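Structure, as structure tokens:
Computed from a predicted structure; not experimentally measured. Numbers restart at 1 for each chain; the letters A, B, ... are given by sequence-line order, proteins then strands.
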Number of protein chains: 4
Amino acid sequence: MSPRTDEKNAEIRQESMKRIAEAAFELIARQGFEATTIAQIAQKAGVSKGLLYNYYKSKEDLLEKVVVDSLAGADQTMAGLMTDDAATTLENLCRYYFRELRTKPEQWRILTELTFRIDQFQFIHDIATKKMRGYLDLLESLLNNMGFPDARGEAKLLAALFDGIAIQYLVIRDDYPLDEVEQYMITKYCKRHPQ
Amino acid sequence: MSPRTDEKNAEIRQESMKRIAEAAFELIARQGFEATTIAQIAQKAGVSKGLLYNYYKSKEDLLEKVVVDSLAGADQTMAGLMTDDAATTLENLCRYYFRELRTKPEQWRILTELTFRIDQFQFIHDIATKKMRGYLDLLESLLNNMGFPDARGEAKLLAALFDGIAIQYLVIRDDYPLDEVEQYMITKYCKRHPQ
Amino acid sequence: MSPRTDEKNAEIRQESMKRIAEAAFELIARQGFEATTIAQIAQKAGVSKGLLYNYYKSKEDLLEKVVVDSLAGADQTMAGLMTDDAATTLENLCRYYFRELRTKPEQWRILTELTFRIDQFQFIHDIATKKMRGYLDLLESLLNNMGFPDARGEAKLLAALFDGIAIQYLVIRDDYPLDEVEQYMITKYCKRHPQ
Amino acid sequence: MSPRTDEKNAEIRQESMKRIAEAAFELIARQGFEATTIAQIAQKAGVSKGLLYNYYKSKEDLLEKVVVDSLAGADQTMAGLMTDDAATTLENLCRYYFRELRTKPEQWRILTELTFRIDQFQFIHDIATKKMRGYLDLLESLLNNMGFPDARGEAKLLAALFDGIAIQYLVIRDDYPLDEVEQYMITKYCKRHPQ
DNA sequence: TATGAATGAGTATTCATTCAT
DNA sequence: AATGAATGAATACTCATTCAT
């Protein structure tokens, strides 16, 4: 019960939770939520099923925490991409988005899949709605700064375009010309002066 | 000597299958595939669980048949929207798409969700991939006829845009300005002469 | 309702029952009783499931009738093997038994298997007990006529020997020297004068 | 740091498995394999259905493990009956066989029944075939040592005789003179000098 | 006589969750 | 903090049997 022990405990705790979360995300990304069992997650994380329930209330709670964590990480990274120049910022965001899509397609696949399951997971509804509004506001502000007329309307289309490109790529995958589309988007939205 | 004529039997079968399929699609669309039980489907269809297995090999087989049927119906409807004029055809398709989204959002949601569950529903993924390619070709051909330069590239963005609008609408729902976006799309792609 | 129709009906009836019984025996012999479904039997017999229940009260009733028929056929054949000379009769029976074993091993297999399921099928108990006693009496009488001392005791062993040979052959099958054993039995019991 | 020592866990597991196996064997021996439900076994063993599946992959796996265990036990016991003198060993085996038959007829019945269900329980058939060959070799060796001419042929008949006696006894049961037959077998094969 | 659509009771199996240690 | 034995509710699927026609 000395402070040292408490510290150590907190450390162990963090370590265990991290391993559980990683195992969960990886398995769920590969197999889907219902096809992944608590037993699999515990085994992959190298902990007992019981311990898992010390940290997470339920399987769904685990999913929520994992998803929230994953998105929080993305938010943080995106914050680092902001600059004083709107066009540069937009280009940074754009490149980041395409890089993520290319390097972690399975993670994006599961996140997108979950987005479609709004009615089944309440937390998804809240998160997805908030995220979408946030991105919309960000895009609007950037486009506005860049001098686009009807920045709000354009932002809506741009947001939809990003989502749609992800869908097409995640489904068609190897045959989808992601590089080409990325180039097109950057040229069209970040390099040209708006009319 | 048949106690019931073959036609009568076929009729009865069709009727039962239809009721089962409708019940299944509706429940699955609302609750998702795993959350929907065979018992629920049978009850909603007003038949016994056993009868369901006279017509469908398994729960997954039922899903497949229902999805294929649903998509076949859409194909047929779309075929009727073709005209001699590319711009008119595109406008028809566009209006049809937005009408579907508005009137049957749950169906679109479940179909898209299932498309993403590659490892679990290979057949849906295959169908969806083929459809996506088909739409891409159709859009390219239309845009080409309408005089767009780089019709292929533009078709890709347009396809992504349609998908993206759907996901945004399905998530944000009531707050999403679907009418406005529809108008914008039609104006931009179907009414203006390409540069 | 004319006599002619009744006759015809009876004929049809016989024909249908025969086909059902044959299909049932064949399927049950190959797959076992519980692994064989009424649907399979009906299909193989080319009749409807409903018709089957016009003739047989239940699946178990069908099994009983089929088994009884099969054994009755054997009885009839055996009756034709009787002669005035006990040694000749015994030899005939012996040869018949081995020939059956060789030509219809699957049928014997299922009958033997059923014999072991006394507690599960009441009718099996009755039939098997009666048969065994009948054979015992027959063998005793034959051995007695042939001059064996302690014909009853010897008959008991002989009966057990026949059963045991069947078991060994039906299990080991191809490697079992059935011909050799047959020859041995005939030589030992039918050809030599008892001491 | 384990909340329960590994040994303690192993003990608990062994205990549970034993109770399940015993319950399963007893019920299956009495009612047959398909007539015995998992629920019955679990209840008789005093555990939940779920626990049963912690230890056995399926109902059939449970059957296999139980059968293999049971036969391994018999092997061990028989090994203890071997002596330097062939006649004594044979007599020991003979007495053991009859005692088993008398005290555990249901177990013999079910094991033999299962042996005949080749297509459904391949593993039992394989085990039984191997056992039969093993017994044959053992009998041949013993008879050979005892000076029997044609020990191989005699062994075959003796093996069949044992099997046949079992089936006769299991069917006729109370009316079958098992004691008398046992005496006869011992006198004939173990006490007399071969000619 | 004959059919086959329909039933529903029955069964193996899975898995999130709990809790004694 | 950590374990894993144990639970039991939930669920897909089967199949003998019935009955309207």
Compare every heavy atom of A:T36 with every heavy atom of A:I41, then report the nearest pair and how far apart it is.
-> CG1-CG2, 3.7 Å

Measure across A:T115 and A:I118 and return the closest heavy-atom pair with its distance rounded to 0.1 Å.
-> O-CG1, 3.2 Å

Residues 38-61 of chain C vs side chain to side chain donor-acceptor pair (under 3.5 Å), sequence neighbours excluded, gives C:E26-C:K44, C:D61-C:K65

Can you check whether B:I124's main-chain N or O pairs, donor with acceptor, with B:E64's side chain at less than 3.5 Å?
->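 Pair absent, no side-chain N/O of B:E64 close to backbone of B:I124.
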
Any donor-acceptor pair under 3.5 Å linking the side chain of D:S70 with the backbone of D:V66?
-> no

Do the non-hydrogen side-chain atoms of [X] and [Y] ever get within less than 4.5 Å of each other?
X: B:T37; Y: B:L27; result: no
X: D:E106; Y: C:D119; result: yes
X: D:V67; Y: D:I110; result: no

Please map the stems of DNA chain E, keeping only stretches of three or more Watson-Crick or G-U wobble pairs with both distances under 3.5 angstrom.
->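 Stems for DNA chain E, defined as runs of 3 or more consecutive pairs: E:2-21 with F:2-21.
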
Distances under 3.5 Å only, N/O to N/O: pair up the protein atoms with those of nucleotides 12-16 of chain E.
residue: E:dA12; atom: OP1; partner: D:K59; partner atom: NZ; Å: 3.1
residue: E:dA12; atom: OP2; partner: D:I38; partner atom: N; Å: 3.1
residue: E:dT13; atom: OP2; partner: D:Y53; partner atom: OH; Å: 2.6
residue: E:dT13; atom: OP2; partner: D:K59; partner atom: N; Å: 2.9
residue: E:dT13; atom: O5'; partner: D:Y53; partner atom: OH; Å: 3.4
residue: E:dT13; atom: O4; partner: D:K49; partner atom: NZ; Å: 3.2
residue: E:dA16; atom: OP1; partner: A:K59; partner atom: NZ; Å: 3.1
residue: E:dA16; atom: OP2; partner: A:I38; partner atom: N; Å: 2.8

Taking the side chain of D:Y55 as its heavy atoms from C-beta onward, which of E:dA2, F:dA6, E:dA6 lies nearest to it?
-> F:dA6

Tell me which nucleotide among E:dT7, F:dT3, F:dG8 gets nearest to the side chain of A:V47.
-> F:dT3

Send over the distance from [X] [atom1] to [N] [atom2], rounded to a whole Å.
X: D:N9; N: E:dC19; atom1: CG; atom2: P; value: 18 Å
X: D:R4; N: F:dA1; atom1: CZ; atom2: P; value: 19 Å
X: C:D61; N: F:dT18; atom1: CG; atom2: C1'; value: 16 Å
X: B:E7; N: F:dT21; atom1: CD; atom2: P; value: 17 Å
X: C:Q43; N: E:dG4; atom1: CD; atom2: C1'; value: 13 Å
X: B:L27; N: F:dT11; atom1: CG; atom2: P; value: 13 Å

Residues forming a side-chain hydrogen bond (donor to acceptor under 3.5 Å, both in side chains) with D:D126, sequence neighbours excluded |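 Once residues adjacent in sequence are excluded, the partners of D:D126 under the side-chain hydrogen bond (donor to acceptor under 3.5 Å, both in side chains) criterion are D:Q122.
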
Contacts of A:E113 meeting side-chain hydrogen bond (donor to acceptor under 3.5 Å, both in side chains) (sequence neighbours excluded), chain-then-number -> A:R109, A:R117

DNA chain E contacts made by residues 10-20 of chain B, counting heavy atoms under 4.0 Å |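 Within residues 10-20 of chain B, the residues near DNA chain E are B:I12, B:R13, B:S16.
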
Using the closest heavy atom to pick a nucleotide of DNA chain E for each, name whichever of C:L52 or B:L52 lands nearer the 5' end.
->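 On the 5' side of the pair lies C:L52.
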
Can you label the angle between the A:F121 ring and the A:F123 ring as parallel, tilted or perpendicular, going by 30° and 60°?
-> tilted

